[in-house]
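Because only heavy atoms are used, hydrogens play no part in the values below, and waters and symmetry mates are left out as well, while side chains stay in.
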Amino acid sequence: MKLLQRILKQKKGNAAPVPQSGANGVVYYLLECWNQYADLPDSLLPYVDTVKTKAEWEKLGFVLEMNKYGQIRKFKVENKYFSFIKVDGEQAAEAKAIRLGKRLTHNPEHIALLIQRGCRQDEFLYSLASE
């Protein structure tokens, strides 16, 4: 009962939480395709698994709208859902992907699918042979 009262009290008076910034004071987001690499819409191909700031994503035409839980709302393209995942940039791979502007795709099968769709090998932080 007390938990329910706290939740209701939070809903009444609080706006959506603001995401905390990363180590350098900037909040980054990764465009996540939820393993839909084989069916990825062409319009999202240049952007999937890349990490950018909210302002950079919005400049590209994306809308990063927060829900009441402080998460970015999922969006739908061609009957498939995609989302932005907050990246703090504190992990070595994330920091390197941000610094170099590379895709943060880990799975070699997903990298191969994206290359078959027209992406270049040098766009990825990880190579096909790295794992």
Side-chain angles (χ1 to χ4, degrees):
M1 184 65 172
K2 288 183 181 183
L3 177 62
L4 180 60
Q5 289 172 338
R6 269 191 287 164
I7 292 171
L8 291 174
K9 186 176 181 181
Q10 287 175 350
K11 281 186 177 182
K12 283 183 183 178
N14 293 341
V18 176
Q20 299 298 313
S21 59
N24 62 358
V26 180
V27 179
Y28 292 95
Y29 295 94
L30 170 99
L31 177 57
E32 173 65 61
C33 74
W34 301 104
N35 296 327
Q36 299 179 93
Y37 294 94
D39 300 323
L40 191 65
D42 289 338
S43 62
L44 295 181
L45 188 60
Y47 310 113
V48 71
D49 289 343
T50 58
V51 180
K52 300 181 182 302
T53 64
K54 182 178 180 184
E56 290 171 325
W57 284 117
E58 289 174 341
K59 189 174 181 180
L60 292 169
F62 291 93
V63 176
L64 281 74
E65 182 181 316
M66 295 281 184
N67 65 18
K68 63 184 176 184
Y69 304 108
Q71 302 164 327
I72 302 293
R73 292 186 189 276
K74 291 178 175 59
F75 63 97
K76 191 174 183 179
V77 177
E78 296 178 14
N79 282 335
K80 295 171 184 69
Y81 285 93
F82 302 92
S83 60
F84 289 97
I85 306 295
K86 183 177 172 265
V87 174
D88 60 20
E90 292 179 8
Q91 294 181 10
E94 293 172 352
K96 190 173 180 181
I98 292 166
R99 190 174 67 253
L100 299 175
K102 303 272 186 179
R103 294 179 191 256
L104 199 55
T105 313
H106 292 268
N107 187 322
E109 292 175 13
H110 297 161
I111 294 171
L113 283 169
L114 290 171
I115 290 173
Q116 286 175 356
R117 298 280 310 274
C119 296
R120 296 182 327 271
Q121 176 69 42
D122 65 350
E123 294 178 23
F124 298 91
L125 183 61
Y126 298 98
S127 67
L128 287 171
S130 69
E131 293 189 22

Please report the closest heavy-atom contact between [X] and [Y], naming both atoms and the distance.
X: Leu64; Y: Lys54; result: O-CE, 3.4 Å
X: Gly89; Y: Ala95; result: O-CB, 3.3 Å
X: Trp34; Y: Ser83; result: NE1-OG, 2.8 Å
X: Thr105; Y: Tyr126; result: O-CD1, 3.3 Å
X: Ala93; Y: Leu104; result: O-CD1, 3.7 Å
X: Ser43; Y: Val77; result: OG-CG1, 3.9 Å

To the nearest 0.5 Å, how far apart are [atom1] in [X] and [atom2] in [Y]?
X: Asp49; Y: Ile111; atom1: CG; atom2: CD1; answer: 9.0 Å
X: Leu30; Y: Lys52; atom1: CG; atom2: NZ; answer: 11.0 Å
X: Cys33; Y: Leu114; atom1: SG; atom2: CG; answer: 7.0 Å
X: Thr50; Y: Ile98; atom1: OG1; atom2: CD1; answer: 11.0 Å
X: Leu44; Y: Glu78; atom1: CG; atom2: CD; answer: 8.0 Å
X: Lys86; Y: Glu32; atom1: NZ; atom2: CD; answer: 16.0 Å

Is it the case that more than 12 heavy atoms not belonging to [X] sit under 6.0 Å from its [atom1] atom?
X: Glu58; atom1: CD; answer: yes
X: Gln91; atom1: CD; answer: no
X: Lys80; atom1: NZ; answer: yes

| request: Would you sort out whether Glu94 and Val51 count as a side-chain contact (heavy atoms from CB on, under 4.5 Å), showing the intermediate values? | output: CA-CA 8 Å; Glu94 293 172 352; Val51 180; over 6 Å; no

| message | Show, in sequence, the C-alpha distance, side-chain angles and deciding distance for Phe82 and Leu40, and conclude whether the side-chain contact (heavy atoms from CB on, under 4.5 Å) test is met. | response | CA-CA 10 Å; Phe82 302 92; Leu40 191 65; 3.7 Å; yes

| Verdict with reasoning, Arg120 to Ile115, per side-chain contact (heavy atoms from CB on, under 4.5 Å) | CA-CA 6 Å; Arg120 296 182 327 271; Ile115 290 173; over 6 Å; no

| query | Looking at Trp57 versus Tyr29, is the centre-to-centre ring distance below 6.0 Å? | reply |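 No, the ring of Trp57 stays outside the 6.0 Å limit from the ring of Tyr29, centre to centre.
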
| Side chain to side chain, Asn107 and Tyr37, heavy atoms closer than 4.5 Å |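 When only atoms from C-beta onward are counted, Tyr37 and Asn107 do not touch, as no gap falls below 4.5 Å.
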
| task | Could you check whether the rings of Phe84 and Phe62 sit parallel, tilted or perpendicular, using 30° and 60° as the cut-offs? | result | perpendicular

| Expected output: side-chain Arg103 to main-chain Cys119 donor-acceptor under 3.5 Å | no

| query | Checking Gln36 side chain against Tyr81 main chain: does a donor-acceptor pair fall under 3.5 Å? | reply | yes

